Amino acid sequence: MGHWLDRFIARTQGGVTDNDTVDIASPFSCPAQPKDDALSTVSLSVNGVAVKTPQGVISHPEVGHTVVVDFETRNAGDCKLKPSGAWRYAADPATEILTLTYHVAGEYHLWTPALPCPPLASLAADPAITFVSHAGFEQAIWHHLMVGRYGFLPIPVARWHDTQAACAYFALPLDLERALSALNLPVTKDKEGRRLVLSLARPNRKTGEFPEITPEIRERVAAYNRADVEGTIAIETALGRLPKRERRVWGLDQTINQRGIGIDLDFVHAAKKIADQQFGEAIEEFRKLTDLNPTQVEKVRNWLCENGTELEDLRAETIEETLKIELSPEARRVLEIRSRIASTSLKKLDAILACVGSDGRARGLLQYHGATPGRWVGRLVQPQNFPRPSVTIEDPEELVAAIKTGDADALRKWGEPIEVLVSSLRHAIAAQGDALLGAGDFETIEARVVLSLASQHDKVELLESGADVYRDVAADIFRLDDKAAYLAIDKKEMTPEQSETRQIGKNTVLGCGFGLGWKGFRDKYCKDDDSLAQRIINTYRTEWAPKVPQLWYDLERTAIRAMQNPGVIVAAACGVRYRLETKAELPFLVCQVLNGKKFHYANAQLEMREGDWGKRPAVTYWAIKDHHWRKVFAWHGHLTENVVQALARELLVDAMFRFEERGFPVVLTVHDEIVVEHPAITEDLVKEIMSERPQWAVEIELPVAVEAWSGRRYRK
DNA sequence: GTACTCTGCGCC
DNA sequence: AAACGGCGCAGAGTAC
């Protein structure tokens, strides 16, 4: 092993190179259980004037430098928190604060908008004080209401700590209640309080008036409010602060979420007008034929069955196949409409309108460390799953101009109007003022990382040489008659069908890299052909990339050894290390990748499992799965995927910091893609900034390739 | 009304 | 020597 691995091990001998040190203020230390009961504290400390701590006596160095805050609010208008997000909601003039509970120096205090509050004001003014809250809501309310309406001083991001970000980092549930429960901390379930707060944001059905906030109601809300502060303190005490580098990443996340991304509202309104009209017509026609809604899956299936067409499901692919055979005209029409209507992508237009601010920017679209290995996940508009265009047009502005006419017929020269709209959805995002968007993505990054980690260098080189391995694999899967001709097509000249075939080849290479079995492959790509699926999977594992399966099994063995030896760092051949640690009295399997970045498997256990190959140990952990906190098996493919995604995320984060340092504000990230907004951004600059490699990538001989563009509008 | 499950769809 | 890729959202239907 005379290569990078030796150097790596030599460099890191003696333990974990830990970049995970705490960098802000002092650890939080105050009792999770208050001494006083809720109501006495509430009534005795309204607006910060505590009986035991008279106004003016609170001196900041003695309070642990920390204030834990939680707001209860309502909107006596039509702005809803969930679709609008915290920033639009907080900026809405009809949003009002019901109560603010804050905890400082071991005591709970209540603030309401009625009175000034000198102690709270001086806490906000003191740069040494950190404000702690669960999620970004409190920051948004502070900015728009406490500062904007009540004259408190602003609290910059650097002075906030987010317990939800800590939950995300440790791969715990993000909502307060389930995070507490996962950590075995006491959970206060105040369903009545919750109902009360919700009811205050709804007008009375008879009178149409919003409920009046009486002192009694406010007192009840305050009790509910206090429970959330208690919960936030409990999380803070259990998890502490983010490690240094992650604290920086979170700070960048907050900056991106708060700066928002530019929206072309004229475009969105016009697109929505066409979409509503087209959907309206299609649904009406569908109703005439079936007396049903196209979205009623089970009922539509029954209707089709009664009309002579039996379908196992109504997925687009199934419908596409069915349309190839002979059908009654009615059934054909029903299927055509259904497949068009089923795409809910155009709902993004509504999602954009719900969360965009009065300055035309949408905020809060990303969740820090949303996935186990640390990638962001999308929120509100879900900017990470914009449809890839099926209709491609040289100049987006021509298409945008056509959509802005609001006339569906203006789109027909490119195709069916709904399909054209779906294809153009990304263009709703646009640079503002004289700025441009610049975007770059790391080409085939996951395949490169997994092959590099596995030391399958011949295939890394193949990818680097620009060979289209995806098309190569696709040609095999679909047994294309003229493979050479397919490989020879210029990528930009490919028909949608040819691109789609290539996309399947891409998914295959990715899936195979992460342990996809032949049955899984068969069900996805070749339903009736066991032997083809077996052949392809077998070829990948034994001929194409034989070192990759070794990587899987090594990672799994290493994780199991770490589980068997609590506290001991166990390294895999690729340099990735695992250790079973205890955090908040729970076992966490910690995985540390090549640059020191850690990610976590909460409540990890070793379990003997009966499989096809006899009884063997398996790692289990707990994660949110289908909205539930439940046990999950960490099988080899899963462990490998997590490691690869963590490394890909680190490359991305490094590049995001480089953009910011060079003055190019990042406005979006989509896993392997970064979007910045600046008048001077160019394709070449994006490539230059993103192509720089960190030392670890050089050491594992991981080449990065960046595909980039710049322009006024977001596009693929 | 709210919470949950299921189907379906989109991206990486 | 060997499985189940990850993620969020919309809408329908159901239970409470």
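Per chain, numbering begins at 1; letters A, B, ... match sequence-line order. Owing to the predicted nature of the structure, the values given are computational and were not obtained by experimental measurement. Note: hydrogens, waters and symmetry copies are ignored here, and every other heavy atom, side chains too, is used.
Looking at residues two or more places apart in sequence or on another chain, you find a side chain to side chain contact (heavy atoms under 4.5 Å, CB included) between A:Ala165 and A:Asp162, A:Leu242, A:Trp250, A:Tyr368. For A:Tyr553, the ring pair (Phe, Tyr, Trp, His ring centres under 6.0 Å) partners at least two apart in sequence or on another chain are A:His636. For A:Arg178, the salt bridge (charged side-chain N to carboxylate O under 4.0 Å, His left out) partners at least two apart in sequence or on another chain are A:Asp175. Remark: A:Glu446 pairs with A:Arg375 by the salt bridge (charged side-chain N to carboxylate O under 4.0 Å, His left out) rule, at least two apart or across chains. Every ring pair (Phe, Tyr, Trp, His ring centres under 6.0 Å) that A:Tyr601 has, sequence neighbours left out, goes to A:Phe599, A:Tyr621. In terms of the salt bridge (charged side-chain N to carboxylate O under 4.0 Å, His left out) criterion, A:Glu419 has no residue partners (sequence neighbours excluded). Take A:Asp228 and apply the salt bridge (charged side-chain N to carboxylate O under 4.0 Å, His left out) test, not counting sequence neighbours, and it matches no residue.
Taken residue by residue, residues 75-87 of chain A places no heavy atom nearer than 4.0 Å to DNA chain C.
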Item to check | A:Asp190 and A:Arg220: CA distance, side-chain angles, deciding distance, salt bridge (Lys or Arg N to Asp or Glu O under 4.0 Å) verdict | outcome: CA-CA 11 Å; A:Asp190 185 354; A:Arg220 182 66 188 85; 2.7 Å; yes

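Across C:dA3, B:dC12, B:dA3, the shortest atom-to-atom separation from the side chain of A:His671 is found for B:dC12. Listed candidates were C:dC4, B:dC12, C:dA2. Nearest to the side chain of A:Glu556 is C:dA2. Nearest to the side-chain atoms of A:Arg388 among the listed nucleotides C:dG5, B:dC11, B:dT2 stands B:dC11. Between B:dG8, C:dC4, C:dA2, one nucleotide has an atom nearer to the side chain of A:Arg315 than all others, and that is B:dG8.
By the stacking rule of 5.5 Å between ring centres and under 30° between planes, A:Tyr553 stacks on the base of C:dA2.
In this structure, A:Arg649 atom CZ and C:dC7 atom P are separated by 15 Å, rounded to whole Å.
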Checklist entry - When every nucleotide of nucleotides 8-16 of chain C is labelled 5' to 3' by its protein contacts under 4.0 Å (heavy atoms), B for base, S for sugar-phosphate only, - for none, what sequence of letters results? => result BSSSSS---

